[in-house]
Number of protein chains: 2
Amino acid sequence: MDSIKPEDRRKSSETFKEFLAQKGLRVTNQRTAIFDAVFNQEDHFTAEDLLDFSREIDRSVSRATVYRTLPILTEGGLVKEIDVGRDYKFYLANRGQKTEQAQVICLDCEKIFEIEAPFMEWYARSVAQKVGLEPVSQRLQVHARCIRLKEGGSCPNRESH
Amino acid sequence: MDSIKPEDRRKSSETFKEFLAQKGLRVTNQRTAIFDAVFNQEDHFTAEDLLDFSREIDRSVSRATVYRTLPILTEGGLVKEIDVGRDYKFYLANRGQKTEQAQVICLDCEKIFEIEAPFMEWYARSVAQKVGLEPVSQRLQVHARCIRLKEGGSCPNRESH
DNA sequence: ACTAACTTGAGAATTAATCTCACTTTTCCC
DNA sequence: GGGAAAAGTGAGATTAATTCTCAAGTTAGT
């Protein structure tokens with residue numbers, strides 16, 4: 001089920017065209033397909049996932065173009081890149097969330113949760129100041145176990161894998 | 001200059017033998033060389049660095065053995081593995097520091113600082129609780145810029161690269 | 001010393017990501 | 001609209017850290 005309203009998607013698509021124009025980049029079918037595929041996803045996805053999703057929209061999209069487009073999107077702030085230490089990266093459509101988010105990674109179901117982490121910037125600043133540095137960005141990752149599983153229950157997301 | 005006292009190194013080496021024995025693993029020249037190489041390093045190092053350092057002690061150490069030994073050391077808590085999102089990992093001899101440390105990565109000199117981050121475990125717990133999870137480990141990484149460089153000075157560690 | 005089990009080195013394999021280059025497509029100026 | 005320069009693309013080769021394979025070498029009890 002897709003919870004993004006059609007009008008939102010159209011609006012985002014306009015934003016994308018403006019975004020490309022402003023960067024002096026051309027609007028191509030492939031880039032549009034990739035962009036649409038990104039904003040169809042509610043959850044985290046890998047580059048390979050995105051290739052599949054994009055190809056459902058435009059069969060001609062190649063792996064190379066996905067890998068070329070992702071940095072454009074992340075540098076433009078439209079996509080968030082998440083590295084949880086596996087040998088591939090995750091990505092997430094940026095729908096204007098707070099910047100103060102932590103990744104909580106469930107070791108039972110492998111799911112990644114984006115959770116609000118209030119004062120994280122302030123906290124990072126207080127740490128960086130100890131060595132005379134000024135934060136540009138920060139990330140907090142928490143590897144965790146499901147409490148319900150521990151209590152003899154089952155991890156609610158376990159079946160998704 | 002090496003600031004580790006000889007008696008400390010010997011003691012650590014004993015610890016290593018006990019550690020291997022306890023895990024049912026054999027004491028080999030290669031493992032000992034790698035272990036010694038690890039505890040010769042004050043700073044972060046890569047697997048490739050460690051291969052070089054180990055070979056200075058025992059010429060026969062191979063890349064495969066370094067890569068095989070590192071997980072033994074990290075799982076045993078003797079070495080800390082640090083992934084700052086590059087395509088290779090860093091490692092650091094664990095000399096019994098606090099677990100509450102953040103990595104502050106200077107974008108000007110590339111140096112990684114291990115900085116005390118008080119209450120990080122408590123903070124991670126409060127974040128993970130929001131989705132019914134219990135932290136197993138957490139890591140905070142702060143990408144930052146040198147304040148002195150910004151003020152027209154130079155990053156004090158710049159020359160190390 | 002003997003031997004079964006464990007380790008090792010060298011190089012092949014893996015795999016996410018990047019690069020190359022000949023071929024398309026877009027843009028924009030007329 | 002038409003045409004050319006510049007930008008973008010697909011397919012497949014390449015890269016590089018890490019992992020795997022397997023024959024040969026070591027270790028640790030007996």
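Naming convention: chains lettered A, B, ... in sequence-line order (proteins, then strands); numbering from 1 in each chain.
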Side chains of A:Glu81 and A:Leu92 in contact at under 4.5 Å (non-hydrogen atoms):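 Counting from C-beta outward, A:Glu81 and A:Leu92 never come under 4.5 Å.
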Quickly work out the [X] [atom1] to [N] [atom2] distance and round it to whole Å.
X: B:Leu51; N: C:dT8; atom1: CG; atom2: P; answer: 14 Å
X: B:Leu70; N: D:dT18; atom1: CG; atom2: P; answer: 9 Å
X: B:Arg59; N: C:dA10; atom1: CZ; atom2: P; answer: 12 Å
X: B:Leu50; N: D:dT18; atom1: CG; atom2: C1'; answer: 14 Å
X: A:Arg86; N: D:dA17; atom1: CZ; atom2: P; answer: 22 Å
X: B:Lys23; N: C:dC6; atom1: NZ; atom2: P; answer: 15 Å
X: B:Glu48; N: D:dT19; atom1: CD; atom2: C1'; answer: 14 Å
X: B:Ile72; N: C:dT8; atom1: CD1; atom2: P; answer: 8 Å

Quick check on DNA chain C: between A:Lys89 and B:Gly24, whose nearest nucleotide comes earlier from the 5' end?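 Residue closer to the 5' terminus by nearest nucleotide: B:Gly24.
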Report yes if a side-chain nitrogen or oxygen of [X] is closer than 4.0 Å to either non-bridging phosphate oxygen (OP1 or OP2) of [N]; otherwise report no.
X: B:Ser60; N: C:dG9; result: yes
X: B:Arg63; N: D:dA17; result: no
X: A:Tyr67; N: C:dA17; result: yes
X: B:Thr65; N: C:dG9; result: yes

List for me each residue that meets ring pair (Phe, Tyr, Trp, His ring centres under 6.0 Å) alongside B:Tyr88, sequence neighbours excluded, and say none if there are none. B:Phe90
One thing to verify: whether B:Asp83 and B:Arg139 come together as a salt bridge, which I'm taking to mean a side-chain N less than 4.0 angstrom from a carboxylate O. no
Would you call B:Glu114 and B:Lys80 a salt bridge, taking side-chain N to carboxylate O under 4.0 Å as the test? yes
Decide whether a cation-pi geometry holds between A:Lys89 and A:Tyr91; the criteria are a distance under 6.0 Å from NZ or CZ to the six-membered ring centre and an angle within 45° of the ring axis. no
Does B:Lys17 count as lying over the ring of B:Phe19, i.e. NZ or CZ under 6.0 Å from the six-ring centre, within 45 degrees of the axis?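 Checked: cation-pi criterion not met.
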With sugar-phosphate taken as primed atoms, P, OP1 and OP2 and all else as base, the protein-contact string of nucleotides 21-30 of chain D at under 4.0 Å (heavy atoms; B, S, -) is B----BBS--
For A:Tyr123 and B:Tyr123, take the angle between the two ring planes, folded into 0 to 90°, and tell me which bin it lands in: parallel under 30, tilted 30 to 60, perpendicular over 60.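 Judged by the thresholds at 30° and 60°, the geometry between A:Tyr123 and B:Tyr123 is parallel.
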Take the C1' atoms of the five end pairs on each side of the helix from C:dA1-D:dT30 to C:dC30-D:dG1, get both axes, and report the angle to 10 degrees. 30°
Closest-nucleotide ordering on DNA chain D, the 5'-leading residue of B:Asp87 and A:Ser62: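 First, find each residue's nearest nucleotide; the 5'-ward one identifies A:Ser62.
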Side chains of B:Asp49 and B:Thr46 only: does a donor on one sit below 3.5 Å from an acceptor on the other?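 Yes - a donor-acceptor pair under 3.5 Å links their side chains.
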Step by step, work out the side chain to side chain donor-acceptor pair (under 3.5 Å) result for B:Gln103 and B:His44. CA-CA 11 Å; B:Gln103 282 80 49; B:His44 298 82; 5.8 Å; no
